[in-house]
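Take a look at the structure set out below.
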Protein chains: 2
Amino acid sequence: MAPKIKDVAKYAGVSVTTVSRVLNGEKYVKDDLKARVQKAIDDLGYSPSHIARSLVRRKTNLIGVIVPDVTSSFYSTILSTIEKTASLNDYNLLVCNIIEDTDKELKYLQVFKEMRVDGIIIMHEKINEEIREMIMKLGIPIIFSSVKPKDQPFISVIIDDYSAAYDATRHLIDLGHSRIGFIGGDMNDVTSGQNRYFGFVHALSDFGIEQVEAHIKFGDYKTRSGYDMMKEILACRTRPTAVFAVSDDMAVGAMNCISDYGLSVPGDISVIGFDGSQLTEQVRPRLSSMEQPILEMGKITVLKLLDLISGNNATLKDDVILKHMLVIRDSCKKYVNREDQT
Amino acid sequence: MAPKIKDVAKYAGVSVTTVSRVLNGEKYVKDDLKARVQKAIDDLGYSPSHIARSLVRRKTNLIGVIVPDVTSSFYSTILSTIEKTASLNDYNLLVCNIIEDTDKELKYLQVFKEMRVDGIIIMHEKINEEIREMIMKLGIPIIFSSVKPKDQPFISVIIDDYSAAYDATRHLIDLGHSRIGFIGGDMNDVTSGQNRYFGFVHALSDFGIEQVEAHIKFGDYKTRSGYDMMKEILACRTRPTAVFAVSDDMAVGAMNCISDYGLSVPGDISVIGFDGSQLTEQVRPRLSSMEQPILEMGKITVLKLLDLISGNNATLKDDVILKHMLVIRDSCKKYVNREDQT
DNA sequence: CTGAAAGCGCTTACAG
DNA sequence: CTGAAAGCGCTTACAG
């Protein structure tokens with residue numbers, strides 16, 4: 001059995017109170033006692049039970065994290081920076097991977113409650129009434145990262161998805177494209193579904209560009225659905241000359257589809273993605289993308305949560321809006337009218 | 001403040017012992033009492049403190065996981081299946097992301113100790129003396145997943161990396177290639193460095209194929225290094241007609257390099273990867289790969305660990321060796337002698 | 001079938 | 001500066 005504080009006290013010939021004091025770096029311990037205790041700790045290889053400490057301190061230094069899909073390039077990256085920031089601040093992560101599974105999510109929230117985690121980070125916006133209620137009842141500080149669920153009082157760290165989508169579309173327009181396809185997300189998602197869609201639509205209308213319904217599809221953010229949606233778009237009589245997909249994964253799927261159908265990116269169709277995941281550099285042509293500041297987003301999410309936990313309520317009610325950034329790579333080119341060419 | 005067991009007892013008019021009993025589903029509680037307690041629990045919205053329970057039960061249902069890099073396609077996939085299996089068995093994951101940072105790893109092992117995790121999963125094999133000692137002293141059940149550190153008494157769930165690499169090389173040989181490049185891992189890693197390298201080398205020699213030193217490079221398993229190593233290989237006077245990279249990420253880097261240099265995969269150079277990550281399907285051409293059974297590996301790792309935790313020591317000393325599997329996609333083709341062609 | 005009491009391994013007033 | 005004692009929120013013999 002691992003030694004306990006009592007063993008250390010006995011070994012050092014002091015009270016457990018004194019041992020506790022040197023453990024917690026309190027002053028008011030004479031140097032010689034402190035030294036004896038330290039020696040006892042070293043000799044016995046003692047380390048305090050976090051469990052027991054948590055119980056009395058009413059603080060676990062645990063953060064529960066709900067990720068929609070760790071295998072996604074975007075989420076794994078934001079998770080890695082969340083982990084890093086948490087670790088730097090002596091917090092540990094209880095990671096829960098949810099793949100659109102409300103029951104599992106409820107179960108995990110229950111676990112978070114029983115574990116008495118100090119805070120929670122959620123990275124999806126499919127918050128139904130049941131989950132919403134659960135969260136409210138929990139009474140645990142919570143922050144949403146990269147999303148902002150509809151009509152919820154929760155704090156988010158996000159970008160302005162509407163403007164980001166607008167700017168991405170604008171980029172294609174600036175390149176001379178006027179037949180622009182769109183592969184959106186789930187329209188039940190406000191942040192990554194609706195906002196990005198409306199950014200796209202409004203950019204089109206602001207520049208007097210016609211919206212072709214058949215060129216507008218909605219996927220689930222993953223590569224596979226980007227592929228499938230692109231396939232449907234390519235089946236149309238007239239094809240778009242550019243496509244905007246609201247996730248890099250879908251954009252890559254779209255690129256693959258285009259190339260599997262014997263067309264070229266960006267020769268025949270330009271493609272722009274969204275997120276700024278590492279996939280953008282792993283594919284050829286390298287994918288232009290409207291990037292989220294992923295590392296900063298994860299970091300700020302944790303810092304903000306730690307603020308909430310320590311009760312810094314000043315101005316904490318506000319969302320943090322980070323800046324998006326267009327990163328141009330090789331998947332988009334200027335539109336050239338083929339007929340003019342000949 | 002959240003209600004405690006005492007509050008429930010008072011509300012229901014019974015002792016805390018009785019409440020505890022219905023909480024733990026013990027028999028020997030009269031139905032009417034049980035009903036009253038259940039009602040009290042529901043009315044008060046009570047849920048037991050996992051912290052307090054852990055303290056007395058000496059069991060936390062926590063598994064500490066050390067991942068070398070969650071943003072890697074391979075590790076995020078194995079992590080997701082580990083999480084799934086753990087969750088199904090009512091275990092939770094404390095996730096630690098290590099990027100070759102011994103200090104952080106030691107710190108985390110210390111945290112695992114203080115947290116009194118029930119078990120540990122480690123997914124890298126860079127176990128130096130310090131870490132080894134730490135692990136031994138911990139006295140916590142531990143399993144290595146996908147790797148087997150050199151000269152350590154720890155149990156691993158792995159494939160036969162030597163044979164897998166041999167078979168991957170053999171595939172290229174069967175396709176008629178005789179100038180075969182190799183992008184290996186860290187030769188300090190027995191599993192993914194040495195074993196794969198020797199599998200490659202022995203396949204060559206078994207088939208009487210010359211080993212060209214200039215075509216043999218070593219990276220760090222990531223896309224970037226696959227790119228850089230391929231660049232060095234391409235700088236040689238004679239180029240290989242096929243390349244085997246010991247991770248899919250590096251293989252993709254190699255493919256990208258080849259294509260950036262105006263050559264084609266598999267037209268000019270065939271490429272085969274290793275792991276079977278989802279990247280294989282996300283790139284074009286789709287990457288042939290010597291695949292590890294990732295999902296099974298993660299699952300078995302957890303189940304084996306749970307066995308260890310519950311003290312099933314029978315035959316537990318043995319590693320689990322899973323089967324590798326060659327998955328042929330579009331990145332390799334039969335070698336055709338250009339001179340014969342003309 | 002039920003409850004009072006001890007104990008899990010710590011921290012924290014309180015008293016000296 | 002130091003220690004005895006209470007308490008964190010549970011479970012588990014033990015007794016009845």
Side-chain angles (χ1 to χ4, degrees), chain A residues 1-38 40-41 44-62 110-118 139-140, chain B residues 1-38 40-41 44-62 110-118 139-140:
Chain A
M1 283 272 34
K4 342 175 193 179
I5 196 172
K6 208 174 162 182
D7 301 319
V8 176
K10 199 167 296 177
Y11 188 96
V14 298
S15 72
V16 296
T17 309
T18 299
V19 176
S20 174
R21 280 203 255 264
V22 348
L23 242 32
N24 294 295
E26 280 176 40
K27 37 198 172 183
Y28 303 139
V29 182
K30 259 192 188 156
D31 285 348
D32 62 324
L33 273 202
K34 189 183 293 184
R36 258 160 58 204
V37 170
Q38 195 53 59
I41 290 173
L44 267 41
Y46 168 78
S47 47
S49 159
H50 187 87
I51 302 293
R53 283 185 152 174
S54 297
L55 186 59
V56 35
R57 288 179 178 169
R58 278 188 203 71
K59 182 142 183 355
T60 54
N61 279 49
L62 243 32
Q110 178 66 27
V111 167
F112 288 170
K113 183 182 179 188
E114 295 182 2
M115 288 277 195
R116 307 296 195 249
V117 300
D118 293 332
I140 299 174
Chain B
M1 282 274 33
K4 343 174 191 179
I5 196 171
K6 208 173 165 184
D7 301 319
V8 176
K10 200 166 296 177
Y11 187 97
V14 299
S15 71
V16 297
T17 309
T18 299
V19 177
S20 174
R21 281 202 256 263
V22 347
L23 243 31
N24 295 295
E26 279 177 38
K27 39 199 172 185
Y28 303 139
V29 182
K30 260 192 188 158
D31 284 348
D32 60 326
L33 273 201
K34 190 182 292 184
R36 259 161 54 204
V37 170
Q38 194 54 59
I41 288 172
L44 268 40
Y46 168 79
S47 46
S49 158
H50 187 86
I51 302 292
R53 281 184 153 174
S54 297
L55 185 60
V56 35
R57 288 178 178 168
R58 278 189 202 71
K59 183 144 183 351
T60 55
N61 279 48
L62 244 30
Q110 178 65 27
V111 168
F112 288 170
K113 183 181 180 190
E114 295 181 2
M115 288 277 197
R116 308 295 195 249
V117 301
D118 293 334
I140 299 175

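Chain identifiers are assigned alphabetically (A, B, ...) following the order of the sequence lines, protein sequences preceding nucleic acid strands; residue numbering begins at 1 within each chain.
- Counting atom types as modelled, A:R21 pairs a side-chain N or O with a base atom of D:dG3 as donor and acceptor under 3.5 Å.
- With a 3.5 Å limit on both pairing distances and Watson-Crick or G-U wobble geometry required, the stems of 3 or more pairs in DNA chain D span C:1-3 with D:14-16, C:5-12 with D:5-12, C:14-16 with D:1-3.
- No more than 12 heavy atoms of other residues, nucleotides or ligands lie within 6.0 Å of NZ in B:K30, so this atom counts as exposed by the packing criterion.
- Computed from coordinates, the B:M115 CE to C:dC8 P distance equals 22 Å when rounded to whole Å.
- Side chain of A:S20 to backbone of A:V16: no donor-acceptor contact under 3.5 angstrom is found.
- The nearest whole Å value for the distance from the CD1 atom in A:I51 to the C1' atom in C:dG7 is 16 Å.
- The side chain of A:T18 lies closest to D:dG3 when the candidates are D:dG3, D:dT11, C:dC10.
- Counting heavy atoms from C-beta on, the side chains of A:R36 and A:V22 never come closer than 4.5 Å.
- Taking only side-chain nitrogens and oxygens, B:R53 never comes nearer than 4.0 Å to OP1 or OP2 of D:dC10.
- Whole-Å rounding puts the B:R57 CZ to D:dA13 P distance at 13 Å.
- Distance from the side chain of A:S15 is smallest for D:dA4 among the nucleotides D:dA4, C:dT11, D:dT11.
- Residue A:K6 places its NZ atom among 12 or fewer non-hydrogen atoms of other residues, nucleotides or ligands, all under 6.0 Å distant.
- Place B:L33 and B:R116 on DNA chain C by their nearest nucleotides, and B:L33 ends up nearer the 5' end.
- Atom CG in A:D7 sits roughly 15 Å away from atom P in C:dG7 (whole-Å rounding).
- Listed nucleotides C:dG9, D:dT12, D:dC10 differ in distance to A:L55; the shortest reach to its side chain belongs to C:dG9.
- Here the P atom of nucleotide C:dC10 and the NE2 atom of A:H50 are 12 Å apart, to the nearest Å.
- Here the nucleotide nearest the side chain of B:T17, chosen from D:dT11, C:dG3, C:dC10, is C:dG3.
- Closest contact between the side chain of A:V56 and the listed nucleotides C:dC8, C:dT11, D:dT2 involves C:dT11.
- Using a 3.5 Å distance cut-off with no hydrogens or angles, the side chains of A:S15 and A:T18 do pair a donor with an acceptor.
- To the nearest 0.5 Å, the span separating CD on A:Q38 from CG on A:L33 amounts to 12.5 Å.
- Comparing atom distances between the B:I5 side chain and each of D:dC10, C:dG3, D:dG3 picks out D:dC10 as nearest.
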For this session: Please lay out, stage by stage, how B:Y46 and B:L23 fare under the test side chain to side chain contact (heavy atoms under 4.5 Å, CB included).
Result: CA-CA 10 Å; B:Y46 168 79; B:L23 243 31; 3.7 Å; yes
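- Across D:dA13, D:dG9, D:dG3, the shortest atom-to-atom separation from the side chain of B:K4 is found for D:dG9.
- Across C:dT11, D:dG9, C:dG3, the shortest atom-to-atom separation from the side chain of A:R58 is found for D:dG9.
- A:K59 has its NZ atom 14 Å from the P atom of C:dT11, to the nearest Å.
- Taking all atoms of both residues into account, the shortest heavy-atom contact from A:R116 to B:I51 is CG-CG1, 4.2 Å.
- Set against C:dT12, D:dG9, C:dG3, the side chain of A:S20 has C:dT12 as its closest nucleotide.
- D:dC1 atom C1' lies 10 Å from atom CG of A:D32, rounded to whole Å.
- One interatomic measurement links the two molecules: NZ of B:K10 to C1' of C:dG3, which rounds to 15 Å at whole-angstrom precision.
- Distance from the side chain of A:S49 is smallest to C:dG9 among C:dT11, D:dA13, C:dG9.
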